[in-house]
Participant: 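What follows is a structure written as structure tokens; I'll ask about it next.
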Amino acid sequence: MTVKSSILIIEDEFTVRKFVHTALVEAGYAVLESETATEGLRLAGEHSPALLLLDLGLPDLDGVEVIRRLRQYSRIPIIVLSARTQESDKIAAFEAGADDYVIKPIGTGELLARIRVALRHATQAADDTPASLHVHTGELEVNLADRVVWRGKDIVTLTTSEYDLLALLVRNANRLLTDRFLTTQVWGDNSGRSLTQLRLTIAVLRRKLEENPTMPRHLLTEQGVGYRFSDQ
Ligand code: CA
């Protein structure tokens, strides 16, 4: 069987984690797991799993807070697995950005069905946004489908990492992406060296793409957090 998408489980209860892990592996998914929110968030940032199964009652942080933090940079489908049956808990989870809410205990068949649905929605959502593949704002034109960047009438020559970084930001236009997420995606780790590389690459991209690199209009810094591409 070929390995399908990887799924991250954040759940502190060993028996539930074990049950879910077994069900997912048998269905052909690769599984990452964590019993704390902190470790789970780290895994999500480093491995960009295709989907998250999230418990709400975690020892170090509430699950709803985990959703909020992830949603600052990621559209990963999130299925909440919770023992909490209150409407208010569900609403809080959905408002924070959860995609589905399942009350424990849950059977294997239903769990897998919900996962398939969430993954399918995520794929459709990605396909549904051709606009995000082509950004034209002022002098700058980025065509992700053809991997071409124009400034006015000139094609801009970019190195692979410059292009990868730009493409990541453009694909998530107007969303804040963290330093850690960007370095992990583009350079494969979040070491100090990669962070320096990130700062340098942003500076080069600004010189190549911005009318006024010292007062950037598109490649914006969120001090101490990360970067955002503004298509305005
Ligand atoms: Ca729990």
Participant: Looking at Arg68 and Ala96, what are the two nearest heavy atoms and their distance?
Facilitator: CG-CB, 3.9 Å

Participant: Could you grab the distance from atom CG of Leu41 to atom CD of Glu46, nearest 0.5 Å is fine?
Facilitator: 11.5 Å

Participant: With rounding to the nearest 0.5 Å, note down the distance linking CG in Asp164 to OG1 in Thr159.
Facilitator: 8.0 Å

Participant: Do Val204 and Val149 belong together in a cluster built from hydrophobic side chains that touch within less than 4.5 Å?
Facilitator: no

Participant: With the side chain counted from C-beta on, respond yes when Val80 and Ile67 share a heavy-atom pair under 4.5 Å apart, and no when they do not.
Facilitator: yes

Participant: How long is the straight-line distance from CZ of Arg151 back to CG of Leu140, given to the nearest 0.5 Å?
Facilitator: 8.5 Å

Participant: Go through the steps to decide whether Gln185 and Ser48 satisfy the test side chain to side chain donor-acceptor pair (under 3.5 Å), and finish with yes or no.
Facilitator: CA-CA 8 Å; Gln185 293 293 312; Ser48 306; 2.4 Å; yes

Participant: Are Leu220 and Phe181 linked, directly or through other ILVMFWY residues, by side chains that come within less than 4.5 angstrom of each other?
Facilitator: no

Participant: Could you verify whether a donor N or O on one side chain and an acceptor N or O on the other, from Thr137 and Asp231, lie under 3.5 Å apart?
Facilitator: no

Participant: Under a 3.5 Å threshold, yes or no: a donor from one side chain and an acceptor from the other, between Thr221 and Arg206?
Facilitator: yes

Participant: So which of Asn190, Thr201, Asn172, Leu198 actually passes side-chain contact (heavy atoms from CB on, under 4.5 Å) with Leu182?
Facilitator: Leu198

Participant: If you measure from OG1 on Thr36 to CZ on Arg42, what distance do you get to the nearest 0.5 Å?
Facilitator: 9.0 Å

Participant: Determine whether Arg180 and Thr184 make a side-chain contact, defined as any pair of heavy atoms from C-beta on separated by less than 4.5 Å.
Facilitator: yes

Participant: Give a yes or no answer on whether the side chain of Ser74 reaches the backbone of Arg71 with a donor-acceptor pair at less than 3.5 Å.
Facilitator: no

Participant: Just how far is it from atom CG of Leu195 to atom CH2 of Trp187, taken to the nearest 0.5 Å?
Facilitator: 9.5 Å

Participant: Write out all pairs satisfying side-chain hydrogen bond (donor to acceptor under 3.5 Å, both in side chains) with one or both partners inside residues 77-89, taking only residues at least two apart or from two chains.
Facilitator: Asp62-Arg84

Participant: Given the rule in the side-chain contact (heavy atoms from CB on, under 4.5 Å) test, do Val16 and Lys104 qualify, once you have shown the distances and angles that lead to the verdict?
Facilitator: CA-CA 9 Å; Val16 178; Lys104 290 188 280 195; 4.0 Å; yes

Participant: Are there more than 12 heavy atoms of other residues, nucleotides or ligands under 6.0 Å from atom CZ of Arg193?
Facilitator: no

Participant: Go through the steps for Lys18 and Glu13 under the test salt bridge (charged side-chain N to carboxylate O under 4.0 Å, His left out), then give the verdict.
Facilitator: CA-CA 9 Å; Lys18 178 89 185 153; Glu13 239 174 288; over 6 Å; no

Participant: What are the two closest heavy atoms between Leu43 and Ser34, and how far apart are they?
Facilitator: CD1-CB, 4.0 Å

Participant: A side-chain contact here means heavy atoms from C-beta on lying under 4.5 Å apart; do His134 and Val142 qualify?
Facilitator: no

Participant: Side-chain heavy atoms nearer than 4.5 Å, only ILVMFWY residues, links allowed to pass through others: does that put Ile91 and Val66 together?
Facilitator: no

Participant: For Asp12 versus Gly57, what's the shortest heavy-atom pair and its separation?
Facilitator: OD1-O, 3.2 Å

Participant: Quick check: closest heavy atoms across Pro77 and Ala50, and the distance to 0.1 Å?
Facilitator: CD-O, 3.0 Å

Participant: Between Asp60 and Thr38, is there a donor-acceptor pair closer than 3.5 Å when you use the side chain of the first and the backbone of the second?
Facilitator: yes

Participant: Taking the side chain as C-beta and beyond, is there a heavy-atom pair between Tyr227 and Leu177 under 4.5 Å?
Facilitator: no

Participant: Does Val25 belong to the same Ile/Leu/Val/Met/Phe/Trp/Tyr cluster as Leu111, with side-chain heavy atoms less than 4.5 Å apart forming each link?
Facilitator: yes

Participant: Mark yes or no for whether Lys90, through its side chain, and Tyr101, through its backbone, hold a donor-acceptor pair below 3.5 Å.
Facilitator: no

Participant: Going by salt bridge (charged side-chain N to carboxylate O under 4.0 Å, His left out), name the pairs with one or both residues in residues 210-225, residues two or more places apart or in two chains.
Facilitator: Glu222-Arg228

Participant: Tell me the closest heavy-atom pair linking Leu112 and Ala23, and the distance in Å.
Facilitator: CD2-O, 4.2 Å

Participant: If you define the side chain from C-beta out and look only at heavy atoms, does anything of Ile79 sit under 4.5 Å from Leu54?
Facilitator: no

Participant: One pair to check against side-chain contact (heavy atoms from CB on, under 4.5 Å): Ser5 and Leu51. What are the steps and the verdict?
Facilitator: CA-CA 8 Å; Ser5 323; Leu51 183 138; over 6 Å; no

Participant: Mind checking who shares a hydrophobic cluster with Val148, ILVMFWY linked at side-chain heavy-atom distances under 4.5 Å?
Facilitator: Trp150, Ile155

Participant: Answer yes or no: is there a side-chain heavy-atom contact under 4.5 Å between Val20 and Leu53?
Facilitator: yes

Participant: Using a distance-only test with no angle check, is there a side-chain donor-acceptor pair under 3.5 angstrom linking Ser194 and Asp189?
Facilitator: yes

Participant: Between Ile76 and Asp99, is there a side-chain heavy-atom distance shorter than 4.5 Å?
Facilitator: no

Participant: Please determine whether a side-chain nitrogen of the Lys or Arg among Glu11 and Arg17 lies less than 4.0 Å from a carboxylate oxygen of the Asp or Glu.
Facilitator: no

Participant: May I ask you to check whether Thr178 and Gln72 show a side-chain donor-acceptor distance below 3.5 Å?
Facilitator: no

Participant: Minimum heavy-atom separation for Ala37 to Leu58, with atom names?
Facilitator: CB-CD1, 3.9 Å

Participant: Test of understanding: clusters of I, L, V, M, F, W, Y form through side-chain heavy atoms closer than 4.5 Å, transitively. Do Leu200 and Leu158 belong to the same one?
Facilitator: no

Participant: Where the side chain of His218 meets the backbone of Phe229, is there a donor-acceptor pair that is under 3.5 Å apart?
Facilitator: no

Participant: Nearest 0.5 Å, please: how far is CG in Leu24 from NE2 in His21?
Facilitator: 8.0 Å

Participant: Quick check: do Leu169 and Ile202 have side-chain heavy atoms less than 4.5 Å from each other?
Facilitator: yes

Participant: Could you check Leu32 against Ile7 for side-chain contact (heavy atoms from CB on, under 4.5 Å), going step by step and ending with a plain yes or no?
Facilitator: CA-CA 6 Å; Leu32 293 161; Ile7 294 180; over 6 Å; no

